[in-house]
Amino acid sequence: MTQIYFQKGFGLAAEVGPDLARTYRSPVVERLKQLGYEASAGDIRVKLAREFGFCYGVDRAVEYAYEARQRFPDRRIFLSGEIIHNPDVNGRLQRMGICILPDSRDPASRYLEVRGGDVVILPAFGVTAAEMDHLRRKECVLVDTTCGSVLNVWKMVHRCARDGFTVVIHGKHYHEETRATASQALIHEGGRYLCVRDVPEAAIVCAFLRGDATAAMVRERFANAISPGFDPERDLQRIGLANQTTMLMTESLEIQEMLRAAMSDRYGDAELGWRFRAFDTICSATQDRQDAVLAMLDRGDLDVMVVIGGYNSSNTQALAQMCAAGLPTFHIDRPLCIEDSAMIRYRPLGGGAETRAYGWLPEGPVTVGITAGASTPDIVVGDVVEKILGLRGYTASELTGASLVEDGSSSCV
Ligand code: SF4
């Protein structure tokens, strides 16, 4: 029987490796790492977080997409939405002839132009159970790059739903990963979910549990974030918590404690054992990047922070939120956000349209901290470093004190 489901790549890593390295590696970043993640040029100092950029799940997803192109040179290849939240990476895949499908909650509409035999790449965030069923029925060739850390969350969700708990997910109800995770609860008979985005939303659920908010208030506030037919009276009697893998760890822990306390107030401590479960499902890559930022902030020697990543990237937003609590922070999604005139375009904390800041780089000696979300390749980080140096007339070679010409592939010469 012909294999039509691939979850472990095609064994073409050696073939696509050079292309991936040429496209996404940065000699500037590699040299900075060799120099201890920080270096100066004149009166400007650049410090990189110890962990940043592409995570293991994104590395794998992008590699499998390249392998799929190589393995099926003559087939139509589609991607279920963006493979990761990075415009540059998605653009490159499109130029390789991979078509990114529009977002839609209805599988029939999302996969309208996909036919049996077409190749469909499923992203690192995963897809909903309904989409998976739809694609299997169409007999598409599926290249499933769902990250192992996301699959672990799904396992927790399955256990909770199977045991009669409503799954409460700390995540954004509209995010692909959270939609896919929530859909796993519905596979089980009577399975329910509720997505809580942040502390204020968790407070509403707590108020309901303590009798300070009505079921109607919960249904109205979470209209797009609950399973069909959700009844707060019935469905909040036993809850199991999980996270979108890329949320802010401190916020997840706070929400966990809020809900535990509210369940205890309503049912008493003795009941918690069978009414409340909590799992930390923040992935290790997200945790490592958040820990690295905390370590940078703790040293207290930064003047300004630049956080690089897609504007709809949750893990990048979490990094920006952490940094903004301590110093001026600019979340940018491409090197061109930084203009020669020292003007920067950035995503404001909390969302909204891209905005501008003038004179964002302080005069005189300055230390700039840089980190990047899990879907940002090193080449973009390196280009941002060069752009910042260029504002004061320096080059990457002056920063690192080394020749960065390597295999003719450097973007900085
Ligand atoms: S951020 Fe975490 S869960 Fe998401 S792809 Fe990367 S490693 Fe996997």
Side-chain angles (χ1 to χ4, degrees), residues 6-9 20 24 49-68 79-90 93 100 121-128 132 143-158 167 169-184 195 241-253 279-294 307-322 331 333 371-378 380-381:
F6 298 90
Q7 202 181 16
K8 298 188 187 307
L20 286 168
Y24 299 118
R50 287 274 165 172
E51 296 285 344
F52 63 90
F54 268 15
C55 59
Y56 49 84
V58 165
D59 252 341
R60 176 175 167 276
V62 174
E63 183 183 314
Y64 285 7
Y66 274 64
E67 287 192 23
L79 247 171
S80 305
E82 298 182 334
I83 193 161
I84 54 173
H85 291 139
N86 180 285
D88 183 57
V89 176
N90 290 310
L93 292 175
I100 298 181
I121 302 171
L122 311 179
F125 334 104
V127 294
T128 65
M132 198 65 161
V143 181
D144 187 352
T145 78
T146 308
C147 178
S149 294
V150 174
L151 293 174
N152 276 340
V153 185
W154 293 3
K155 271 188 215 156
M156 310 284 187
V157 168
H158 283 290
V167 182
I169 304 166
H170 173 216
K172 297 165 183 166
H173 67 82
Y174 49 82
H175 189 284
E176 297 94 324
E177 182 192 315
T178 296
R179 275 157 46 190
T181 296
S183 76
Q184 302 303 314
C195 303
L241 272 54
N243 324 103
Q244 188 179 313
T245 56
T246 49
M247 301 304 276
L248 190 59
M249 172 59 105
T250 48
E251 189 178 51
S252 277
L253 290 176
F279 305 100
D280 166 17
T281 56
I282 303 278
C283 78
S284 60
T286 296
Q287 189 59 55
D288 289 347
R289 280 149 188 72
Q290 293 180 7
D291 288 348
V293 158
L294 281 181
V307 181
I308 313 160
Y311 287 162
N312 49 357
S313 157
S314 279
N315 75 89
T316 311
Q317 290 169 16
L319 293 173
Q321 193 178 333
M322 292 170 73
H331 173 181
D333 72 347
T371 188
S375 46
T376 304
D378 280 1
V380 174
V381 177

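For ligands, and for the atoms within them, numbers begin at 1 and follow the listed sequence.
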Sequence-distant partners of H173, ring-ring contact (aromatic ring centres under 6.0 Å, His included), two or more places apart =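 ring-ring contact (aromatic ring centres under 6.0 Å, His included) list for H173, sorted by chain: empty.
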By ring-ring contact (aromatic ring centres under 6.0 Å, His included), F54 pairs with (sequence neighbours left out) Y24
Across all chains, not counting sequence neighbours, the side-chain contact (heavy atoms from CB on, under 4.5 Å) partners of Q317 are K172, H331, R347
Once rounded to the nearest 0.5 Å, what's the spacing between atom [atom1] of [X] and atom [atom2] of [Y]?
X	Y	atom1	atom2	result
H170	D280	NE2	CG	12.0 Å
L20	E67	CG	CD	8.5 Å
T245	E177	OG1	CD	3.5 Å

Around atom 2 (Fe) of ligand 1, how many protein N, O or S atoms are there at under 2.8 Å?
-> 1
